[in-house]
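Start at 1 and go down the list; that is how both ligands and their atoms are numbered. All residue numbers in this chain count up from 1 along the given sequence.
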Amino acid sequence: MNPGPVMTHERVRSALAGPDMCHREPEFSRLLTRVRRKTTAVCGGGDEHTAVMLTGSGTCAVEAAISSAVPEAGGLLVIDNGHYGERLHHIARAHAVRTHRWELGWGTPVDLGALDRLLAADPGLTHVGVVHHETSTGMLNDVAAVTAIAHAHGREVVVDAVSSVGAEALSLRDDAPDWLAGSSNKCLEGAPGLSFVAARKAAFEALGSGPRRTYYLDLHRHYRAQEEAAAPAFTPGIPAFYAFDAALDLALAEGREARLARYTRLAQQLRGGLEGMGLEILLRPEHRAAALTAVRIPRGLTYAELHGGLRRDGFVIYSAQEQLAQDFFRLSTMGCMTAGEIGSFLSALERLITERHR
Ligand SMILES: *Cc1c(COP(=O)(O)O)cnc(C)c1O
């Protein structure tokens with residue numbers, strides 16, 4: 001029940017054992033192009049969009065987007081309302097990008113009026129960084145509204161959609177975020193090891209004129225290799241590509257809305273059960289993403305006892321981070337999970353709590 005890597009479909013797991021392959025042969029070219037096309041589709045992209053694949057976890061894609069997209073003379077307004085917003089700031093700092101870190105407080109929704117004023121006050125903030133699903137709290141940020149305001153000021157938006165893409169509503173065409181960073185192993189239900197940045201082709205091409213902050217994560221380098229030569233710039237994680245190819249087929253067959261509905265049903269069952277035991281859920285219902293629930297650690301138990309006890313019953317739960325770690329833990333409902341499994345989890349949790357209070 002950790003928020004990625006998730007439990008995967010049998011077809012995804014068995015795809016990992018595909019044949020040995022040279023990445024400079026036509027077979028890999030075809031695999032790469034196919035995966036890029038399907039990735040663009042799951043991001044809601046049209047013919048004018050594309051996705052650049054990277055071998056690395058979600059942070060790799062976020063770092064590639066920030067370090068490549070913000071020009072030397074530009075600046076990044078970081079919307080920080082959780083651990084991953086804070087990470088955007090740290091990434092930008094590591095690349096000497098001028099940043100304005102806007103700390104809202106964990107779990108505090110974005111004040112759109114204040115965003116408008118911040119952008120108006122500082123034309124040097126050429127880009128806005130925002131996390132779609134802030135996995136530290138389970139909060140869903142309104143990326144569409146943030147993008148509309150940023151665009152009204154002529155700014156670009158870099159979205160960390162690592163834990164939302166494939167399930168929560170966010171579309172390159174409809175919501176028009178300029179740079180969308182995602183990964184293979186969360187709501188897209190692939191194996192870990194791949195991430196991607198999706199954007200307009202013209203935006204990737206426009207990167208060509210500027211100086212580079214990074215060699216390995218340079219999105220223009222990856223774009224040119226993948227788009228013009230249908231080849232990876234560097235040795236790719238081939239088994240992760242096999243698995244992601246299969247996972248993307250499953251995602252496209254299910255459809256984003258149906259996947260969101262499936263996660264939502266699991267989350268409702270889970271949240272209903274937790275509240276039935278008197279446990280407190282962190283956020284107000286209207287702010288919660290479907291894929292994650294942050295819940296207060298039951299009285300009389302430590303996180304370690306909770307984790308150990310549930311693990312003995314076959315369930316892996318996930319700690320909260322930093323300021324929430326002491327009092328909360330996290331449960332994900334993304335991946336191949338069934339209502340029966342959520343039911344068994346709730347029974348196991350209830351047993352653990354009852355034993356403790358006897
Ligand atoms: C998981 C996650 C990441 C990436 O973390 P990795 O450890 O690099 O996979 C980035 N942003 C968010 C919101 C995430 O949930």
Side-chain angles (χ1 to χ4, degrees), residues 1-8 39 43 53-67 69 76 78-92 94-95 101 104 106-110 128-143 146 157-170 177 179-198 214 216-217 237 240 243-244 247 263 267 282-283 287-294 316-322 324-325 328-335:
M1 301 182 85
N2 57 298
V6 299
M7 293 200 292
T8 54
T39 300
C43 295
M53 304 305 304
L54 301 165
T55 291
S57 73
T59 307
C60 171
V62 176
E63 184 157 3
I66 290 176
S67 60
L76 182 71
V78 171
I79 298 180
D80 174 358
N81 60 357
H83 177 81
Y84 292 95
E86 184 184 329
R87 180 174 293 181
L88 299 179
H89 167 74
H90 290 312
I91 289 171
H95 292 277
R101 178 179 175 188
L104 291 154
W106 285 36
T108 305
V110 183
V128 176
V130 61
V131 178
H132 188 206
H133 168 208
E134 180 48 83
T135 325
S136 57
T137 59
M139 174 171 267
L140 206 56
N141 283 318
D142 189 348
V143 171
V146 166
V157 176
V158 179
V159 184
D160 171 348
V162 171
S163 66
S164 56
V165 66
E168 299 290 349
L170 180 64
W179 304 94
L180 187 161
S183 86
S184 57
N185 61 29
K186 296 197 182 183
C187 303
L188 289 169
E189 304 189 357
L194 286 190
S195 58
F196 56 85
V197 177
T214 160
Y216 195 72
L217 297 179
F244 198 35
Y263 289 1
L282 179 66
L283 300 173
H287 295 147
R288 295 174 195 159
L292 191 111
T293 304
V316 174
I317 63 166
Y318 212 53
S319 63
Q321 293 151 302
E322 298 177 55
L324 292 181
F328 286 83
F329 67 107
R330 293 179 292 167
L331 298 169
S332 164
T333 38
M334 61 176 84

Peer 1: List, pair by pair, the atoms of ligand 1 and of the protein that are both N or O and lie under 3.5 Å apart, giving the separation rounded to 0.1 Å.
Peer 2:
| from | atom 1 | to | atom 2 | distance (Å) |
| --- | --- | --- | --- | --- |
| ligand 1 | 5 (O) | Thr59 | OG1 | 3.4 |
| ligand 1 | 8 (O) | Ser57 | OG | 2.5 |
| ligand 1 | 8 (O) | Gly58 | N | 3.4 |
| ligand 1 | 8 (O) | Thr59 | N | 2.9 |
| ligand 1 | 8 (O) | Thr59 | OG1 | 2.5 |
| ligand 1 | 9 (O) | Gly58 | N | 3.4 |
| ligand 1 | 11 (N) | Asp160 | OD1 | 3.2 |
| ligand 1 | 11 (N) | Asp160 | OD2 | 2.6 |
| ligand 1 | 15 (O) | Thr135 | OG1 | 2.5 |
| ligand 1 | 15 (O) | Lys186 | NZ | 2.8 |

Peer 1: In terms of relative ring orientation, are Phe244 and Phe196 parallel, tilted or perpendicular, with 30° and 60° separating the classes?
Peer 2: parallel
Peer 1: Looking at Leu292 and Thr137, what are the two nearest heavy atoms and their distance?
Peer 2: CD2-C, 4.0 Å
Peer 1: Taking C-beta and beyond as the side chain, do Val162 and Tyr84 meet within less than 4.5 Å on heavy atoms?
Peer 2: no
Peer 1: What I'd like to find out is whether the side chain of Thr59 reaches to under 4.5 Å of the side chain of Arg87, using heavy atoms alone.
Peer 2: yes
Peer 1: Testing the 3.5 Å rule here: is there a donor-acceptor pair between the side chains of Glu134 and His83?
Peer 2: no
Peer 1: Does the side chain of Thr135 come under 3.5 Å of the side chain of Ser163 through a donor N or O and an acceptor N or O?
Peer 2: yes
